[in-house]
**Q** 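Just passing along the structure, written as structure tokens.
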Amino acid sequence: MKIDKIETFVVKDKLSNSFFFSQWEYSERCICLVKITASNGQHGWGEAYGPAKVVEAGIDLLKPIVVGENPLENEVIWSKMYRKTLDFARRGVLMASISALDIAIWDLKGKILGLPVATLLGGTHRKKIKPYATGLYFTDHNDFSKGFIEEAKRYVSQGFKAIKMKVGLGIKADVANVKLIRETIGDDIELMVDSNHAYTLREAVELARKIEKYDIKWFEEPISPEFYEQYKELRQKTTIPIAGGECEYLRFGFNELIKNKSVDILQPDICASGGLTEAKRIATLATTNGVDLIPHTWGTSIGLHVAMHFIANMESVPGRMYQPDFLIEFDQTENGLRDRLSFPKLEMKDGYLEVPNKPGLGIDIDETILQEYLDCSEQDDRETIIQNILNNK
């Protein structure tokens, strides 16, 4: 059996209301999906975290390496993609292209063998995972906390046991917002903060110390991802656990975080940092060094299912009779690409997500709905150019 065809789909979802965080404002979501079809007609889906059309170009570059390969030999294929791009793509968007292809191959492999991806990874240590609601983005430039109370109460009423909120627009405003949310959700709901690397070390230390009293589970990306040693210094100056790694790539990048004792929690994005094949290696690094790992997830339901299978397989170190819950990020912002494209639908029950047990990732894409989200702007531009040429003849 061989990989016969690779197709890319750039999908775009216009948001009804834009939102922003410390770095950028979003009015739409745009993601590159990839479909890999084997010679027997079975297929697998993957997605990449990063600029969709750049990712698509990377996948086009990698197609000749992947087509014709045996989809059951995912590590061999991964190694060929990695070696082909090593001289110019050890970090960044092209690694996201490799990740999307790798994920699609795992999905395809599972469907061919009739086994869930978690089983292929080595087995399912847990059948349910506790999602935390990622939300509380900013929607009003004149009132950063607008709608926060209603949104936080909604998450609690939906059964979420943990919530992650955005900070990073100024220490005074951040402290006020953290206080507001803690008072709104009470003491029993876990609360995390994420500044998307908005602060200097001095500012991050100041903010961390001021919000320690609000029982913060972790402070995510407090400073720029380049500053490994500053992360270590911050860890020494606050009792809040420090998380980071969504901007890191490959086991080699995460080894730098570990060597420098930069974080308490590693956060690889499997759709960017090397796919499931590399995520398994990163997890081994984490357990070898006694560092927690909670993947970053952002995109469609494909990425969410990838993270569920990966977390289901993660070894619990140390082991004990009553294991703590393993967390998964569950973005709650408006996202038709997450909510409409795939089936069966993902549902939270009693504050947990059940790990899929169907072959592959356990989902498929509704290609009729996929057509609704295809970004046709590039094709439209080409047709306009052709039409203009014909009109000017």
**Q** Answer yes or no: is there a donor N or O on one side and an acceptor on the other, between the side chain of Asp264 and the main chain of Asp292, under 3.5 Å?
**A**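 Between the backbone of Asp292 and the side chain of Asp264 there is no qualifying donor-acceptor contact (under 3.5 Å).
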**Q** For a side-chain contact (heavy atoms from CB on, under 4.5 Å) check, start with the C-alpha distance between Ile105 and Ile3, then their side-chain angles and the critical distance, and finish with the verdict.
**A** CA-CA 9 Å; Ile105 292 168; Ile3 291 173; 4.2 Å; yes
**Q** Any side-chain heavy atom of Phe227 within less than 4.5 Å of one from Leu201?
**A** no
**Q** Taking the side chain as every heavy atom from C-beta outward, state whether Ile163 and Met192 have any atom pair closer than 4.5 Å.
**A**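 The answer is no; the side chains never approach within 4.5 Å.
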**Q** Can a side-chain donor-acceptor contact be found between Glu248 and Ser273 if the only test is distance below 3.5 angstrom?
**A**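 Ser273 vs Glu248: no donor-acceptor pair found between side chains.
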**Q** Just by modelled atom types, is the His197 backbone N or O under 3.5 Å from a matching donor or acceptor in the Ser224 side chain?
**A** no
**Q** Is it the case that the side chain of Arg338 and the backbone of Thr333 share a donor-acceptor pair, with hydrogens and angles ignored and the cut-off at 3.5 Å?
**A** yes
**Q** Please say yes or no: joined through hydrophobic side-chain contacts below 4.5 Å, possibly via intermediate residues, are Tyr49 and Ile365 part of one cluster?
**A**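 Result: no, two separate clusters.
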**Q** Do Val167 and Phe148 share a hydrophobic cluster (ILVMFWY, side-chain heavy atoms under 4.5 Å, transitive)?
**A** yes
**Q** Counting only heavy atoms not in Gln323 (residues, nucleotides, ligands), do more than 12 fall under 6.0 Å from its CD?
**A** yes
**Q** Any heavy-atom pair between the side chains of Met81 and Val66 that's under 4.5 Å?
**A**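 Of all side-chain heavy-atom pairs linking Met81 with Val66, at least one is under 4.5 Å.
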**Q** Starting from the C-alpha separation in whole Å, work towards a yes-or-no answer on side-chain contact (heavy atoms from CB on, under 4.5 Å) for Lys12 and Tyr373.
**A** CA-CA 5 Å; Lys12 183 179 290 187; Tyr373 289 102; over 6 Å; no
**Q** Inspect the contact between Arg281 and Glu278 and indicate whether a charged nitrogen and a carboxylate oxygen are less than 4.0 angstrom apart.
**A** yes
**Q** Under 3.5 Å, is there a donor-acceptor pair between the side chain of Thr238 and the main chain of Leu234?
**A** no
**Q** Does the pair Glu372/Arg340 count as a salt bridge with the N-to-O cut at 4.0 Å?
**A** yes
**Q** When clusters are formed by joining ILVMFWY residues with side-chain heavy atoms under 4.5 Å apart, either directly or through shared neighbours, do Val178 and Tyr132 land in the same one?
**A**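 Different clusters.
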**Q** Determine whether more than 12 heavy atoms belonging to other residues, nucleotides or ligands lie under 6.0 Å from atom CZ of Arg202.
**A**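 No, because the 6.0 Å sphere around CZ of Arg202 holds 12 heavy atoms or fewer from other groups.
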**Q** Would you name the heavy atoms of Ile294 and Leu327 that are closest together and state the gap between them?
**A**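 For Ile294 and Leu327, the tightest heavy-atom pair comes out as CG2-O, 3.6 Å.
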**Q** Would you say that Leu33 contacts Leu341 through its side chain, given a criterion of any heavy-atom pair below 4.5 Å between the two side chains?
**A**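 Yes. Closest side-chain heavy atoms under 4.5 Å.
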**Q** List the steps, then state whether salt bridge (Lys or Arg N to Asp or Glu O under 4.0 Å) holds for Arg209 with Glu212.
**A** CA-CA 5 Å; Arg209 287 176 172 170; Glu212 283 176 346; 5.7 Å; no
**Q** Does a side-chain heavy-atom distance below 4.5 Å link Phe21 with Gln23?
**A**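 A side-chain contact under 4.5 Å exists here.
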**Q** Just say parallel, tilted or perpendicular for the rings of Tyr137 and Trp298, cut-offs at 30° and 60°.
**A** tilted
**Q** Mark yes when over 12 heavy atoms from residues, nucleotides or ligands other than Arg90 sit less than 6.0 Å from its CZ; otherwise mark no.
**A** no
**Q** Could you go through the side-chain contact (heavy atoms from CB on, under 4.5 Å) check for Thr139 and Asn17 one step at a time?
**A** CA-CA 8 Å; Thr139 58; Asn17 295 293; over 6 Å; no
**Q** Between Glu233 and Lys237, is there a side-chain N and carboxylate O pair less than 4.0 Å apart?
**A** yes
**Q** Only one of His296, Glu220, Met165, Gln267 clears side chain to side chain contact (heavy atoms under 4.5 Å, CB included) with Asp194; which?
**A**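 Of all the options given, the one that passes is Glu220.
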**Q** So which of Lys280, His125, Arg126 actually passes side chain to side chain donor-acceptor pair (under 3.5 Å) with Asn313?
**A**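 Of Lys280, His125, Arg126, side chain to side chain donor-acceptor pair (under 3.5 Å) with Asn313 is met by Lys280 alone.
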**Q** Taking everything shown except Lys172 itself, do over 12 heavy atoms lie less than 6.0 Å from its NZ?
**A**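 No, NZ of Lys172 has 12 or fewer neighbouring heavy atoms, counting only those of other groups under 6.0 Å.
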**Q** Answer yes if the side chains of Glu25 and Ser18 hold a donor-acceptor pair under 3.5 Å, and no otherwise.
**A** yes
**Q** Quick check: is Ile59 connected to Leu337 through a chain of hydrophobic side chains (ILVMFWY, heavy atoms under 4.5 Å apart)?
**A**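 Yes, because Leu337 and Ile59 connect within a single hydrophobic cluster, where side-chain heavy atoms sit under 4.5 Å apart.
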**Q** Given the rule in the side-chain contact (heavy atoms from CB on, under 4.5 Å) test, do Leu276 and Leu121 qualify, once you have shown the distances and angles that lead to the verdict?
**A** CA-CA 9 Å; Leu276 278 165; Leu121 288 169; 4.2 Å; yes
**Q** Does the side chain of Tyr199 come under 3.5 Å of the side chain of Asp174 through a donor N or O and an acceptor N or O?
**A**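 Result is yes, a qualifying pair exists.
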**Q** Charged N to carboxylate O below 4.0 Å: is that the case for Lys53 and Asp375?
**A**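 Salt bridge between Lys53 and Asp375, a charged N being under 4.0 Å from a carboxylate O: yes.
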**Q** Checking side-chain polar atoms at under 3.5 Å, does Asp87 have a donor or acceptor matched by the opposite partner on Thr85?
**A** no
**Q** Could you tell me whether Glu367 and Lys35 have a side-chain N and a carboxylate O separated by less than 4.0 Å?
**A** yes
**Q** Taking side chain as C-beta onward, heavy atoms only, is Glu28 less than 4.5 Å from Asp13?
**A** no
**Q** With salt bridge (Lys or Arg N to Asp or Glu O under 4.0 Å) as the criterion, how do Lys179 and Glu183 come out once you've worked through the C-alpha distance, each side chain's angles and the decisive distance to 0.1 Å?
**A** CA-CA 6 Å; Lys179 179 177 183 292; Glu183 291 174 346; 2.6 Å; yes
**Q** Short question: side chain of Asp4, backbone of Ala38 - any donor-acceptor pair under 3.5 Å?
**A**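 Checked: no pair found.
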**Q** What verdict does the side chain to side chain donor-acceptor pair (under 3.5 Å) test give for Thr277 and Asp102, after you've listed the backbone C-alpha separation in whole Å, the side-chain angles of each residue and the deciding distance to 0.1 Å?
**A** CA-CA 7 Å; Thr277 299; Asp102 179 75; 2.5 Å; yes
**Q** For residues Thr37 and Glu7, report the shortest heavy-atom separation together with the two atoms involved.
**A** OG1-OE2, 4.2 Å
**Q** If you measure only the distance, is there a donor-acceptor pair under 3.5 Å linking the side chains of His43 and Asp364?
**A**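 Distance-only check passes for His43 and Asp364.
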**Q** Indicate yes or no for a side-chain donor-acceptor contact from Ser22 to the backbone of Gly168 under 3.5 Å, with no hydrogens or angles considered.
**A** no
**Q** Which residue is it: Lys109, Lys80, Lys63? I am looking for the one with a salt bridge (charged side-chain N to carboxylate O under 4.0 Å, His left out) to Glu69.
**A** Lys80
**Q** Side chains of Thr134 and Asp331: is there a donor and an acceptor less than 3.5 Å apart?
**A**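 Asp331 and Thr134 do not have a side-chain donor-acceptor pair below 3.5 Å.
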**Q** Which label fits Phe160 and Tyr155: parallel for a plane angle under 30°, tilted from 30 to 60°, or perpendicular past 60°?
**A** perpendicular
**Q** Is the number of heavy atoms from other residues, nucleotides or ligands under 6.0 Å of Glu354 CD greater than 12?
**A** no
**Q** Do Phe19 and Trp24 have ring centroids that are under 6.0 Å from one another?
**A**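 For Trp24 and Phe19, the ring centres are not under 6.0 Å apart.
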**Q** Is any side-chain heavy atom of Asn260 closer than 4.5 Å to one of Lys232?
**A**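 A side-chain contact is absent here, since even the closest heavy-atom pair is not under 4.5 Å.
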**Q** Using the benzene-type ring in the case of Trp, are the ring centres of Trp106 and Phe310 under 6.0 Å apart?
**A** no
**Q** Strictly by modelled atom types, are Asn196 and Lys166 linked by a side-chain donor-acceptor pair under 3.5 Å?
**A**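 Yes, side-chain donor-acceptor contact under 3.5 Å.
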**Q** Between Val317, Leu266, Leu285, which is the residue that forms a side chain to side chain contact (heavy atoms under 4.5 Å, CB included) with Val291?
**A**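 Exactly one candidate clears the test, Leu266.
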**Q** Can you confirm if the NZ or CZ of Lys128 lies within 45° of the ring axis of Tyr352 and under 6.0 Å from the centre of its six-membered ring?
**A** yes
**Q** Would you say the side chains of Glu334 and Ser16 form a donor-acceptor pair under 3.5 Å?
**A** yes
**Q** ring-ring contact (aromatic ring centres under 6.0 Å, His included), that's the test. Do Phe20 and His141 meet it? Break it down for me.
**A** CA-CA 9 Å; Phe20 63 98; His141 289 274; 3.9 Å; yes
